[in-house]
Amino acid sequence: MRPPCSLRHTPGGMIGAMSELHDPVLRWYADHARELPWRGPGASPWRVMVSEFMLQQTPVARVVPVFEAWLETWPTPADLAAAPSGEAVRAWGRLGYPRRALRLHAAATAITEQHGGEVPDAYADLIALPGVGDYTASAIASFAFGHRHAVLDTNVRRVFARAVSGTEFPGTAVTRPERELAESLVPDEEPATWAIAVMELGALVCTAAAPRCGSCPVQDRCAWWAAGRPAYDGPPRRGQAWAGTDRQVRGRLMAVLRDEPGTVSAGRLEQAWAEPVQRERALASLVADGLVVRVGDRFALPD
DNA sequence: AACCCGTGGTG
DNA sequence: TCACCAAGGGT
């Protein structure tokens, strides 16, 4: 039997609800964990790191094929660092937010130059890398190296919001009590398994839109369920405008550049978006981001 | 703190 | 159908 949950920290005085979560969640995970190419004993820290970059705001199903091809092409950080950043952007394909590809390339360069080509295991070294924030640093330190960290992603935050706090969704930003709760729940033994188990539960059962409470291992311990699944009552959560935004235009332009092996004429970009003011603004922002370079009167992905 | 950054699946 | 949202990070 696992020892009872640590009671060192008791935010909110919710010890009872907290300490009962571990065993059912871990048992559920043992039976329902997906086999993913960045999991398992064969998963190198680099594989974990690449997967975490790709999974930032992008669903698992879309990541898997790109991930496989990526690791085939660049099996180590040094391999990626040796390639032109534009090739990383091209290989990123349609995962979205292509600045992530640029940041992953920059992180690989930093790892090659400053860490002997090995993904660092310390949170402080990880979060210093481009494109690595609190979540990604915690995830790599935990999943790749087994370190004890609270891994707070959108899934984990939602599970704790419901099971412990009794609200349908967490707040916009991570609060101090929320972080302390998450940290208090991380077990001393196999903390990475706990982190990934809660995340998986949020991804497969305690989902945002249509939670499968009938299949949930902690339904009988869930504060939100006990309260009758009350509807979200917090501040309105901002939507993500799309049609007509610069993001849409940038996406159009990047799609053209990805699909061309060499340079692209200005005329070809005009076909992607007719309205000149917004097109030029978007193109300028792509150049400023380093996603596009001007080559004479033509355009291309960077070297 | 609020806003920006892609893309596509889904209920 | 269309609003919602997905293993966030940077500014």
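In what follows, every chain begins at residue 1, and chains take the letters A, B, ... in the order their sequences are listed. These values consider heavy atoms only, across backbone and side chains, with no hydrogens, waters or symmetry-generated copies.
Using a 4.0 Å heavy-atom distance criterion, A:Val132 is classed as a sugar-phosphate-only contact. Residue A:Thr136 is classed as a sugar-phosphate contact, given heavy-atom separations below 4.0 Å to backbone atoms only. Residue A:Trp38 is classed as a base contact, given a heavy-atom separation below 4.0 Å to a base. Residue-level contact check: A:Ile127 touches neither bases nor backbone, having no heavy atom under 4.0 Å from any strand. When heavy atoms are screened at a 4.0 angstrom cut-off, A:Arg62 is found touching base atoms of the nucleic acid. Contacts of A:Arg99 with the nucleic acid, taken as non-hydrogen atoms under 4.0 Å apart, include base atoms. At a threshold of 4.0 angstrom between heavy atoms, the contacts of A:Asp289 with the nucleic acid are absent. Among the heavy atoms of the strands lying under 4.0 Å from A:Gly96 is at least one base atom, whether or not backbone atoms are also near. A:Arg212 comes within 4.0 angstrom of no nucleic acid atom, judged by non-hydrogen atoms across all strands. If you check every strand for non-hydrogen atoms under 4.0 Å, A:Ala139 touches nothing. Counting any heavy atom pair closer than 4.0 Å across all strands shown, A:Arg258 reaches sugar-phosphate atoms only and no base atom.
No donor-acceptor contact under 3.5 Å links the side chain of A:Thr154 to the base of C:dG8.
Checked against C:dA6, B:dC5, C:dA7, the side chain of A:Glu200 finds its nearest nucleotide in C:dA7. For A:Gln240, the side-chain atoms get nearest to C:dC5 when compared with the rest of C:dG9, C:dC5, B:dC5. Taking every side-chain heavy atom of A:Pro98 into account, B:dG6 is the closest of C:dG10, C:dG8, B:dG6. In the set C:dC5, C:dG9, B:dG6, C:dC5 carries the atom at the smallest distance from any side-chain atom of A:Phe169. Nearest to the side chain of A:Arg94, among C:dG10, B:dG8, C:dA6, sits B:dG8.
Aromatic pair A:Trp92/A:Trp70: ring centres closer than 6.0 Å.
Contact between A:Pro45 and A:Val119 at its shortest, heavy atoms only, is CB-CB, 3.9 Å.
Taking atom CZ on A:Arg247 and atom P on C:dG8, their separation rounds to 14 Å, with Å as the unit. Between A:Met199 atom CE and C:dA6 atom C1' the separation is 13 Å, expressed in whole Å. Atom CZ of A:Arg157 is separated from atom P of C:dG8 by 11 Å (rounded to the nearest Å). A straight line from CE of A:Met54 to P of B:dC5 spans 22 Å, rounded to a whole angstrom.
Separating the P atom of B:dC3 from that of C:dA7 is a span of 24 Å, rounded to the nearest Å. When the P atom is used for both C:dG9 and B:dG8, the distance is 23 Å, rounded to whole Å.
Heavy-atom nearest nucleotides on DNA chain C were determined for A:Gln56 and for A:Pro59, and the one closer to the 5' end corresponds to A:Pro59. The residue among A:Ala203 and A:Arg103 whose nearest nucleotide of DNA chain C is located toward the 5' end is A:Ala203. Nucleotides of DNA chain B nearest to A:Met254 and A:Ala209 differ in position, and the one nearer the 5' end is that of A:Met254.
Atom CG of A:Asp303 has 12 or fewer neighbouring heavy atoms from other residues, nucleotides or ligands inside a 6.0 Å radius.
A:His115 and A:Asp125 share no side-chain donor-acceptor pair at under 3.5 Å.
Ion pair A:Arg250/A:Asp289 flagged as a salt bridge, since at least one NZ, NE, NH1 or NH2 atom sits closer than 4.0 Å to an Asp/Glu carboxylate oxygen. Remark: A:Arg39 engages A:Glu200 in a salt bridge, criterion side-chain N to carboxylate O under 4.0 Å.
Residue A:Gln57 places at least one side-chain N or O under 4.0 Å from the OP1 or OP2 atom of C:dG8.
Atom SG of residue A:Cys206 and atom CE of residue A:Met199 lie 13.5 Å apart, to the nearest 0.5 angstrom.
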